[in-house]
Trainee: 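Pasting in a structure now, in structure tokens, and then I'll have a few things to ask.
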Amino acid sequence: MLTRKQHELVCFINDRLNDTGVSPSFEEMKDALDLKSKSGVHRLISALEERHFIRRLPNRARALEILRMPERPERKVAPSRPTNIRPAPEPANDVVEIPLHGRIAAGVPIEAFEGSAMLAVPAALLGSGEHYALEVAGDSMVEAGILDGDYALIRRTETARDGEIVVALIDDSEATLKYFRREGAMVRLDPANRAYDPQRYSPAQIRVQGKLSGLLRRYD
């Protein structure tokens, strides 16, 4: 089953091939799908390749081939309703895929996870900007409602305000999810669990790599 954007892209490519015989450019695909960057097009193309809807032709620039088209859902006739009752709005169910970089307590820099798996996320959970996801390990943020096994949705940024929950890289070696606070000339990383003590570092030891935008939780 394709996401809405994946469905839109394969239909756009198919229409363009039928009209001109030439695949659209990545810039044209970006504009047609109202995406903010061509990296989103690359992710959609890769997902369609993995699902065997399209393939890239070797040694030819901008060459895509449609292998199969998704089934178009049958249109159902809505039952008649009284004219004085307004229909309920359809739920917003757009899904986007963001990189899933690994477990936040793994003890390695975020950069080490680049190019790993993707996670499908409801678009309503994400704001503007570039996002990635991390799987939470441990209980240091339970009093903020962040539990072991949750997926933390992180918006990339290198700055933070006091009181924001951030991904902080410590000494370029260990990543952690904590409240960010300034304390005099130091940076304090606060857990949300009374069983743990705050951690204090010099600003040179800390690099902010993003701040919490939302959470996903699975119920097995």
Side-chain angles (χ1 to χ4, degrees), residues 1-76 89-102 108-135 151-159 167 169 175 207-216:
M1 184 176 180
L2 299 183
T3 66
R4 185 175 67 84
K5 287 294 187 185
Q6 291 167 0
H7 191 283
E8 286 179 2
L9 181 57
V10 72
C11 289
F12 177 68
I13 294 170
N14 185 64
D15 291 344
R16 181 60 67 87
L17 286 172
N18 288 337
D19 290 341
T20 67
V22 179
S23 303
S25 68
F26 275 66
E27 186 69 28
E28 289 170 329
M29 288 187 269
K30 177 180 76 72
D31 293 340
L33 273 66
D34 196 26
L35 298 173
K36 293 178 180 172
S37 69
K38 285 189 269 190
S39 63
V41 175
H42 282 280
R43 288 195 293 268
L44 291 172
I45 290 286
S46 297
L48 289 170
E49 281 189 293
E50 291 173 3
R51 291 161 174 80
H52 304 293
F53 282 92
I54 65 172
R55 74 182 180 99
R56 303 184 215 217
L57 300 179
N59 304 319
R60 292 174 58 188
R62 286 179 48 185
L64 298 172
E65 180 183 15
I66 300 293
L67 300 178
R68 63 189 177 103
M69 289 294 293
E71 295 182 2
R72 297 182 183 272
E74 296 182 2
R75 294 179 63 86
K76 297 182 179 180
E90 294 186 5
N93 57 357
D94 288 357
V95 174
V96 296
E97 290 187 331
I98 61 176
L100 175 60
H101 287 331
V108 295
I110 297 301
E111 287 86 353
F113 296 111
E114 293 292 346
S116 53
M118 304 296 287
L119 180 69
V121 177
L125 293 181
L126 304 176
S128 60
E130 185 181 356
H131 291 76
Y132 61 90
L134 293 166
E135 186 177 359
Y151 291 107
L153 309 180
I154 307 298
R155 182 172 71 83
R156 287 189 184 275
T157 182
E158 296 179 354
T159 61
V167 173
L169 189 62
R207 278 202 294 140
V208 173
Q209 300 219 303
K211 61 183 179 181
L212 186 69
S213 175
L215 282 174
L216 275 183

Trainee: Are any non-hydrogen side-chain atoms of M29 and S23 less than 4.5 angstrom apart?
Mentor: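 With C-beta onward as the side chain, the pair stays apart.
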Trainee: Can you check whether L33 reaches V41 side chain to side chain, under 4.5 Å on heavy atoms?
Mentor: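 Not in contact.
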Trainee: Who passes salt bridge (Lys or Arg N to Asp or Glu O under 4.0 Å) against E158, sequence neighbours left out?
Mentor: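 Applying salt bridge (Lys or Arg N to Asp or Glu O under 4.0 Å) to E158 gives none.
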Trainee: I need the minimum non-hydrogen distance between H52 and R68, along with the two atoms involved.
Mentor: O-NE, 3.3 Å
Trainee: Tell me every residue that passes salt bridge (Lys or Arg N to Asp or Glu O under 4.0 Å) with E8, counting only those two or more places apart in sequence or in another chain.
Mentor: R4, K5
Trainee: I'd like to know if the side chain of N14 and the backbone of V10 have a donor-acceptor N/O pair within less than 3.5 Å.
Mentor: no
Trainee: Taking the side chain as everything from C-beta on, heavy atoms only, tell me whether I154 gets closer than 4.5 Å to L212.
Mentor: yes
Trainee: Working to the nearest 0.5 angstrom, can you tell me the gap between L215 CG and Y151 OH?
Mentor: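 Atom-to-atom, L215:CG and Y151:OH are 12.5 Å apart.
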Trainee: What are the two closest non-hydrogen atoms of M118 and R43, and how far apart are they?
Mentor: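 Taking M118 first and R43 second, the nearest heavy atoms are CE-CD, 2.9 Å.
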Trainee: Do I54 and L9 touch side chain to side chain, with heavy atoms closer than 4.5 Å?
Mentor: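 SC-SC contact between I54 and L9 ruled out.
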Trainee: Show every salt bridge (Lys or Arg N to Asp or Glu O under 4.0 Å) that has at least one partner inside residues 117-126, sequence neighbours left out.
Mentor: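 As it turns out, there is no salt bridge (Lys or Arg N to Asp or Glu O under 4.0 Å) pair with a partner in residues 117-126 once direct neighbours are skipped.
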Trainee: Report yes or no: does S213 contribute a side-chain atom to a donor-acceptor pair with the main-chain N or O of R155 at less than 3.5 Å?
Mentor: no
Trainee: Out of curiosity, L134 CG to L153 CG, how far, rounded to the nearest 0.5 Å?
Mentor: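 Spacing of CG (L134) from CG (L153) equals 9.5 Å.
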Trainee: Rounded to the nearest 0.5 Å, what's the gap from CZ on F26 to CG on D31? Could you check?
Mentor: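 The distance works out to 13.5 Å.
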Trainee: To the closest 0.5 Å, what do you measure between NE2 (H42) and CG (L35)?
Mentor: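 It comes to 11.5 Å.
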Trainee: If you compare all heavy atoms of L216 against all heavy atoms of P122, which two are closest, and at what distance to 0.1 Å?
Mentor: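 Minimum heavy-atom contact is CD2-CD, 4.2 Å.
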Trainee: Which value, rounded to the nearest 0.5 Å, describes the distance between L64 atom CG and F53 atom CZ?
Mentor: 15.0 Å
Trainee: Give me the atom names and distance for the closest heavy-atom approach of R16 to E28.
Mentor: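 Heavy-atom minimum between the residues: NH1-OE1, 3.1 Å.
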Trainee: What's the shortest heavy-atom distance between C11 and M69, and which atoms?
Mentor: SG-CE, 3.9 Å
Trainee: Quick one: CD on E130 to OG1 on T157, what's the gap to the nearest 0.5 Å?
Mentor: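 Going from the CD atom of E130 to the OG1 atom of T157 covers 11.5 Å.
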Trainee: Ignoring hydrogens, what is the shortest heavy-atom contact between I98 and H131? Give both atom names and the distance.
Mentor: CB-O, 3.8 Å
Trainee: Are side-chain heavy atoms of Y132 and V167 found at a separation under 4.5 Å?
Mentor: yes
Trainee: Is there a side-chain contact between T3 and V96, using heavy atoms and a 4.5 Å cut-off?
Mentor: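 Sidechains of V96 and T3: no contact.
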